[in-house]
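The chains referred to below are lettered A, B, ... by the order of the sequence lines, with proteins before strands, and numbering in each begins at 1.
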Amino acid sequence: MPDETTAAPEDFIRQIIREDLAAGKIDRVVTRFPPEPNGHLHIGHATAICQNFLVAKEFGGRCHLRFDDTNPAAEEAHFADSMMEDIRWLGFDWGDHLYYTSDYFEKLFEFACGLIREGNAFICDLSSEEIAAHRGTLKEPGTASPFRERSPEESLDLFQRMRAGEFAPGERVLRAKIDMASSVLPMRDPILYRIQDTPHPRTGKTWPIYPMYDFAHSLSDAIEGITHSLCSHEFVDRRPLYDWILEHVGIPAPRPRQIEFGRVGLTHTVMSKRHLARLIDAGIIRDWDDPRMPTLAGMRRRGYTPESIRNFCTGVGLTRQPKTVDLARLEFEIREHLNEVAPRFMGVLRPLKLIVENYPEDQSEDLSAVNNPQDPTAGSRNVPFSRELWIERDDFAEDPPKKFHRLTPGKEVRLRYAYLVTCTEVVKDANGEVVEVHCRYDPETRGGDAPDGRKVRGTIHWVSARHALRAELRLYGTLFRDEEPNPRDEGFEDALDPDSLETLDPAWLEPSLMGVPAGTRLQLERVGYFCVDRDSTPEQPVLDRVVGLRDTWGKLSKRAKA
RNA sequence: UGGGGCGUCGCCAAAUGGUAAGGCAGCGGCCUUUGGAGCCGCCAUUUGCAGGUUCGAAUCCUGCCGCCCCAGCCA
């Protein structure tokens, strides 16, 4: 029986896994997300997280979280903690399968000894510079280390003494004996172990030697029974080494299989830790969780939902092709989600006073407003109305452009959920600036409908001045001007977008937002989606704009001006 | 000809020799108490280029072009 739903096309990785399963090479699927705890997770990592966890889930397998902590000089425990928080927040659960490469140090050491005994690895006394010089170039083969033919016995003895802490960093390394003439550079007798004296966050000072990535990663995968080791594309060249290590250490089949996919980038930003750190150092942004940052912490603070990020990651697909996805795609995902779930409120960003002349000065009343037109179960709330209101400056024009449907002298407009009002007077200061607008309301139109059925094209939002809650609003733009910024060391400043943050204070919110907890996401009608920032105080909320609403008028008028 | 990888619409992406899906963006329109949401329509005679094989090619072959990755005791 044909299925009604058309199956989403299967990406190349899922295809490979399905084939491996069908061929009986493996009988379950185990993947892993293996970050080094040396920084913050960003939207680029999110793809790896989502795909690893989702692929495993789809095939009824599991996904491990493994911290690849083999370089104590770069790693700190708090990074691991924040990574776990981010991954959980994204919605993934590794169950009992939390691992650290450092847990395998003893096993790894044994594997290395085995390699030495079989003549497949040797201790090299060359300095770092000498090793580099012996490596050759992209076009020329390398030359063998003079220690390459050192006997297994001697190498083993030296290796054990390295472990015992008898040598200083840089004095000796353990190298695989593969092929100095290989066109694949990682195969030119790669270093497997080096000496480091920085204390390790988890093992302290018990190990003076640490395995290198290729050795630790392949074997950690094997130890955990990983079936498919997904990684980004710059590791393709290391796959021969990955396979070599597993084979020569004697890992029985089925051995884990490394598969590479193209990285995912975003326009108008950068992912590199170095460049992001520079933004902080330069004082351009506050911290790693600044809402403009592409870090998961920053996106969370800004108000992105886990759903929207997951949809983004799965939506752009999984291919070998590296990609820079348009920011608009991410914004589409968050609008799509927040449109469903975000409660609506009214708030005025750039206030202009509107006086309802025929509304009694001492009077006020509660008007009912729908909380979410997309969700009938969300109910409604009361919004206070009175004679003096705040409206958006952009919603009034003394001399309106074509197709302007908002407040303008002599014209009638609807105050959302309140009354139909007609503009009667414009008050200006000495400089000719509009400081106040007057209007008259039709008492018969309470709620916004005219009993005589007359049509009113424009609807604008408002807040009762007397009841308004003062707030600070933070509007964010992109970090970089260019779609694909290339921040060089010189001219870094030029690449930045000077409008990445605009702070609005005072902005006025309807009073029902009083005391709204940090992290709450909401829509300010006709304006955009916002998230309550943790900088809020009981007296004054601070709102981060996640993303603006689609603004066809804004686009139109911008085009007209151009 | 050092090795490897990638080229399908502005950005993603399907198509696995049978006559170029879809999404985002954009553009037109409808509808609307959010110029929101929703709905409808338009948007690749052609797949980096040039040849070839074939009844038929984005898919196969040949040659070229472009971009990316690799010379850390980082991952």
Q: Say we look at B:C70 and B:C60: how far apart would their C1' atoms be, to the nearest angstrom?
A: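 Their C1' atoms lie roughly 31 Å apart.
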Q: In whole Å, what separates the P atom of B:C39 from that of B:C24?
A: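 To the nearest whole Å, 10 Å.
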Q: List, with names and distances, any nitrogen or oxygen atoms from the protein found under 3.5 Å away from nitrogen or oxygen atoms belonging to nucleotides 7-10 of chain B.
A:
{"unit_1": "B:G7", "atom_1": "O5'", "unit_2": "A:Gln321", "atom_2": "OE1", "d": "3.3"}

Q: For atom C1', what is the distance between B:G7 and B:U19, given to the nearest Å?
A: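 23 Å, rounded to whole Å.
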Q: With heavy atoms under 4.0 Å as the rule, sort A:Asp214 into base, sugar-phosphate or nothing.
A: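 The answer is nothing, as A:Asp214 stays clear of every strand by at least 4.0 Å.
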Q: Is any N or O donor-acceptor pair between the side chain of A:Gln15 and the base of B:U16 shorter than 3.5 Å?
A: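 Donor-acceptor pair under 3.5 Å: yes.
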Q: Does a side-chain N-to-carboxylate-O contact under 4.0 Å join A:Arg406 and A:Glu392?
A: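 So A:Arg406 does not pair with A:Glu392 through a salt bridge.
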Q: Side chain of A:His134, backbone of A:Ile131: donor and acceptor closer than 3.5 Å?
A: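 Side chain of A:His134 to backbone of A:Ile131: no pair is present.
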Q: May I ask which nucleotide in the shown strands pairs with B:U62, Watson-Crick or G-U wobble, both distances under 3.5 Å?
A: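 Checking every strand shown, B:U62 finds its partner in B:A50, with both distances under 3.5 Å.
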Q: Taking only the C1' atom of each, what is the distance from B:A71 to B:U53 in whole angstrom?
A: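 42 Å, rounded to whole Å.
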Q: Just to be sure I understand the rule, does A:Tyr213 reach a base, reach only the sugar-phosphate, or reach nothing, if contact means heavy atoms closer than 4.0 Å?
A: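 The residue A:Tyr213 makes base contact.
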Q: Does any nucleotide pair with B:A25 by Watson-Crick or G-U wobble geometry, both distances under 3.5 Å, and what is it?
A: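 The base-pairing partner of B:A25, which may sit in any strand shown, does not exist here.
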Q: Would you state whether a donor and an acceptor, one from the side chain of A:His405 and one from the base of B:G35, lie under 3.5 Å apart?
A: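 For A:His405, whose side chain was compared with the base of B:G35, there is a donor-acceptor pair (under 3.5 Å).
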Q: Is any side-chain N of the basic residue among A:Glu224 and A:Arg32 closer than 4.0 Å to the acidic one's carboxylate O?
A: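 Salt bridge absent between A:Glu224 and A:Arg32.
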Q: Determine the minimum heavy-atom distance between A:Ser229 and A:His217, stating which atoms define it.
A: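 Looking at all heavy atoms of both residues, the shortest contact is OG-NE2, 4.0 Å.
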Q: With both distances under 3.5 Å as the test, what is the Watson-Crick or G-U wobble partner of B:C67?
A: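 B:G5 is the nucleotide pairing with B:C67.
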Q: Under the rule for side chain to side chain donor-acceptor pair (under 3.5 Å), what residues qualify as partners of A:Glu166, not counting sequence neighbours?
A: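 Here the qualifying residues are A:Arg161.
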Q: Are A:Asp442 and A:Arg454 close enough for a salt bridge, meaning some N to O gap below 4.0 Å?
A: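 Yes.
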Q: Output the single nucleotide from B:A71, B:G4, B:C74 whose closest atom is nearest the side chain of A:Val236.
A: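 For the A:Val236 side chain, the nearest candidate turns out to be B:G4.
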Q: Indicate, with a heavy-atom threshold strictly under 4.0 Å, whether A:Arg344 touches base, sugar-phosphate, or nothing.
A: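 The answer is base, as A:Arg344 lies within the cut-off (heavy atoms under 4.0 Å) of a base atom.
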Q: Could you please name the partner base of B:C31, counting Watson-Crick and G-U wobble pairs only when both distances are under 3.5 Å?
A: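 Base partner found: none.
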